[in-house]
Amino acid sequence: MLWGRPELRFAVGAVVIALSVLVRVDTAAPFDHPAWILTIPFGLFGIVVAWTAAGQIGGRRRLESDRQRHERVAAVLGIAERLTRTFDRAEILRTIVTETNRVLDADATALGIVRDGALVVEASTGRPGATPQVVGSRIVGDGRYAAVIESGRVRVAGDATGDDLAPGVLGFATEMVAPLVVDGRSIGVLSVGSAARRPWSRDDVEFLTAVGTHASVALHNAELFARTQQRAAQLDVLRAASARMSRENTVQSVGRAVVEETRRIIDYHNARVYLIEDPDKVVPIAFEGRVGAYEKVDFAVLETRLGVGFTGWVAEHGEPLLVNDANRDPRGSTIPGTDEVDESMLCVPMRFDARTIGVITLSKLGLDQFSDDDRRLLMILADQAATAIETVRLLARSDALAGELRRLLDMGSDLARSLDPRAVADLIARHLVRAVGVDECVISYWDRPNDRLLTWGSWPTDRIDALEASYQLAPYPETRRVLDAQVVSVVSTDDPGADPAETELLRTLDQRTLVMLPLVANGESIGLVELSATGHVSVEGPTLELVRTMANEAAMALENAKLYEDARELADRDPLTGFFNHRYLHERLGEEIVRAGRSRGRLSLLMIDLDDFKLVNDTFGHLFGDRVLAWTAERIRSTLRTTDVPARYGGDEFAVILPDTDAAAARLVADRILDAFATAAFDGEGRGDVPVGVSVGAATLQRDGRTGPALIAAADAALYTVKRRRSTEVPAAV
């Protein structure tokens, strides 16, 4: 059995050869001596035995080497297969170090990754009690590994062939280090160590090289997979953010969605969303702060202008900015009230139809806090935000247009229901107040011949009592300019350069701002719109266009009503006196009775008759009598209010409707009329002064009658009662 072992046969052969040589050396005999003859066979036998045994030993070693190589290849393939089954980085690292340590029978194995110029050991393993405490440590600027990383090939330290690499961080006598290479770039190292000095075979080097190659690919794939998953998650967030923004209905809510959704994909300490407003304002619409002084900031402080600060620069140039050190970039500016600290900034434009409409700005404490990936993601979000904002604006404009059309249709429908100029003026005022959102509106008609404005309507309607029935244009040059030039004028009591007459009138009415625009019909100014408010009023852009459109339509309605009134007056007026006629008196009296009934107001009626008018006609003729009647009408008119309604009832008899007048007030009006005739006489032009006497009878609603005919009858009866008991010297009234 022992002879069957090649090592023993090799040893026997070697001994035989050695003994043969020693015998020959000790025996100084010629070659033909019997000692030589005896040693030669023994020597040849030893050589044959040793040669044969050596061949068997070599063959067995080659077989062992082949077997070990096959095992190493199988181990590499097994490791490679395990690495391809997972993208879990932790599992990949664990597989690499544990399998490498097992196959190489090392005391410890560690894997390090290059990050920011330093080698960070991320995984290690080893025999119990022999594992170095290096997991997660940083080997900053370690020159011993720089050679491996730079050369891209395996290096060894402390083996039997001599030191090729200085002892490494594992702290073992022998260490072998392989680079991890991806796309020609070393990303780290795989290191194995032994506590005792140990020769590393070529198979060991080849195995570590192969494992390092597969490890590099696996780690790279895991990183790509992680990035892919991260990007997929980010894209999911972007899709959700886009869906959310598309559901919002105001630009402020879109801005709020931006700052909240951005937080899910990019870590920041402060986020702001700005919109660009003409001419150069960059105005914040949303803000989110998460750290200290960032948590609350006044929007007015955040506002900036084109070209000012990082946000203003992006708004002006339409290009993104990734600033790693905000304090060192000359384009930045510190927000008032905040301190200069190490800070990173990321600003991207919101673009729609090749124009920049706003900016998204992120900031974070510290340097180099944002990456190019962050910039790309925020650009995608900014494009979606721009689309959402413009969609909201478009919908708002559509809604506003629809609202404007509704207002115009409603106003047109309302105006078509009336041909009374003053009722039309009230309707115009009401619609304009609602459209612009002011406190009051007054509509005036331009009486060109007398160079004055007549107050025809207002909203609220009760304000008209506090206004003058008419006022001359001469003291108000700004009002005249609006009418003549057909322009819009805004007057504010806060403006020292405003027309002092207008501002004084505003203060009198307890108003702060006045907007005046002309009522234009057929190219001519026919009146004035005055919009007033106790606060600031802005009539610009779409609002101004709406007001102009409404004013133009209102002007046509007002002019038509005025023309109708003029035509109606020709039919309703007595041509001799200019008073309303008998028919109109009955219509209007009926309307006033209904109005008084609705408002529980007061109403009175006067009947007036000339004394001995027949004698005037018989003495001076009917033409003279007509002149007396016209003069009489003027005397009566001079005593009345603008709201009173005078009429010629027939012949020399007149009537006056007195709205909002009780019996006592009606007697006062009658007394004024009597005084007017008592203190003046008609100029007879060559015939001398002709005294004209009148008698007046009064009646009041409810007390004297509930209908028009009843009131007329009661007032007429009172009139003739006066006549029956009058004296020839002093007229009387009842």
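We're numbering straight along the sequence, starting at 1.
- Using cut-offs of 30° and 60° on the angle between ring planes, the pair Tyr476 and Tyr471 is perpendicular.
- Side-chain atoms of Glu440 and Ser458 form no donor-acceptor pair, as typed in the model, at a separation below 3.5 Å.
- The two residues Pro475 and Ala501 have their closest heavy-atom pair at O-CB, 3.4 Å.
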Worksheet item: Checking side-chain contact (heavy atoms from CB on, under 4.5 Å) for the pair Ile113/Leu180: CA distance, chi angles, key distance, verdict?
Response: CA-CA 8 Å; Ile113 299 295; Leu180 304 178; 4.3 Å; yes
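- Contact of the Val273 side chain with the Met350 side chain is registered, since non-hydrogen atoms from C-beta on lie closer than 4.5 Å.
- Put simply, the side chain of Leu519 does not reach to within 4.5 Å of the side chain of Glu559, judged on heavy atoms.
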Practice prompt. Step by step, work out the side-chain contact (heavy atoms from CB on, under 4.5 Å) result for Val314 and Val348.
Written response: CA-CA 7 Å; Val314 172; Val348 301; 5.8 Å; no
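- Atom CH2 of Trp313 and atom OG1 of Thr304 lie 14.0 Å apart (nearest 0.5 Å).
- In plain terms, the two heavy atoms of Asp342 and Asn327 that are nearest each other are N-ND2, 3.9 Å.
- Asn522 CG: 12 or fewer foreign heavy atoms inside a 6.0 Å radius.
- For the pair Val283 and Leu275, the minimum side-chain heavy-atom distance is 4.5 Å or more.
- Of the N and O atoms on the side chains of Thr311 and Thr361, at least one donor lies less than 3.5 Å from an acceptor on the other residue.
- Under the 3.5 Å distance criterion, the side-chain polar atoms of Asn560 are left unmatched by any main-chain donor or acceptor of Ala557.
- In this structure the side chain of Val488 reaches within 4.5 angstrom of the side chain of Arg548, judged on heavy atoms.
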Worksheet item: Can you check side-chain contact (heavy atoms from CB on, under 4.5 Å) on Trp456 and Leu558, steps first, answer last?
Response: CA-CA 10 Å; Trp456 273 10; Leu558 193 62; 4.0 Å; yes
Worksheet item: side-chain hydrogen bond (donor to acceptor under 3.5 Å, both in side chains) between Thr455 and Glu468: does it pass, once the steps are laid out?
Response: CA-CA 7 Å; Thr455 304; Glu468 294 291 338; over 6 Å; no
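- Put simply, OG on Ser253 and CE on Met245 are 11.0 Å apart, with the number rounded to the nearest 0.5 Å.
- Residues Leu306 and Pro279 share a closest heavy-atom pair of CD1-O, 4.2 Å.
- Remark: side-chain polar atoms of Asn270 are not paired, donor with acceptor, to backbone N or O of Ser363 under 3.5 angstrom.
- With respect to the salt-bridge test (charged N to carboxylate O, under 4.0 angstrom), the residues Glu91 and Arg85 do not qualify.
- Summarising the geometry, atom CD belonging to Gln511 is positioned 5.5 Å from atom CG belonging to Asp439; distances are rounded to the nearest 0.5 Å.
- For the atom pair CZ (Arg305) and CD (Glu277), the distance works out to 10.5 Å, reported to the nearest 0.5 Å.
- Contact record, Val254 with Ala385: CG1-O, 4.1 Å, taken as the closest heavy-atom pair.
- Using a cutoff of 4.0 Å between basic side-chain nitrogens and carboxylate oxygens, Asp329 and Arg331 are scored as salt-bridged.
- A salt bridge links Arg448 to Glu524: at least one charged side-chain nitrogen sits closer than 4.0 Å to a carboxylate oxygen.
- One finds the CG atom of Leu111 at 5.5 Å from the CD1 atom of Ile96 (value rounded to the nearest 0.5 Å).
- Between Val515 and Val438 there is no side-chain heavy-atom pair separated by less than 4.5 Å.
- Ion pairing of Arg256 with Glu248 is absent here, as no side-chain N (NZ or NE/NH1/NH2) approaches a carboxylate O to less than 4.0 Å.
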Worksheet entry | Steps toward side-chain contact (heavy atoms from CB on, under 4.5 Å) verdict (Arg272, Val259) | CA-CA 7 Å; Arg272 308 185 289 275; Val259 297; over 6 Å; no
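- Side-chain atoms of Ser344 come within 3.5 Å of backbone N or O of Gly366 as a donor-acceptor pair.
- A distance-only check finds a donor-acceptor pair linking the side chain of Thr513 to the backbone of Gly535 [under 3.5 Å].
- Here the closest heavy-atom approach between residue Gly523 and residue Gln486 is recorded as O-NE2, 3.0 Å.
- Contact check for Leu395 versus Asn249: no side-chain heavy atoms found under the 4.5 Å cut-off.
- Rounded to the nearest 0.5 angstrom, Thr262 OG1 and Ile360 CD1 are separated by 5.5 Å.
- Of the N and O atoms on the side chains of Thr461 and Asp426, not one donor lies less than 3.5 Å from an acceptor on the other residue.
- Side-chain contact check for Leu528 versus Trp446: every heavy-atom pair is 4.5 Å or farther apart.
- Across Asp447, Asp484, Thr479, a single residue satisfies side-chain contact (heavy atoms from CB on, under 4.5 Å) together with Leu473, and that is Thr479.
- Nearest heavy atom pair, residue Met550 against residue Ala435, reads SD-CB, 3.6 Å.
- Two residues are said to be in side-chain contact when any heavy atoms from C-beta on lie closer than 4.5 Å; Val323 and Phe370 fail this criterion.
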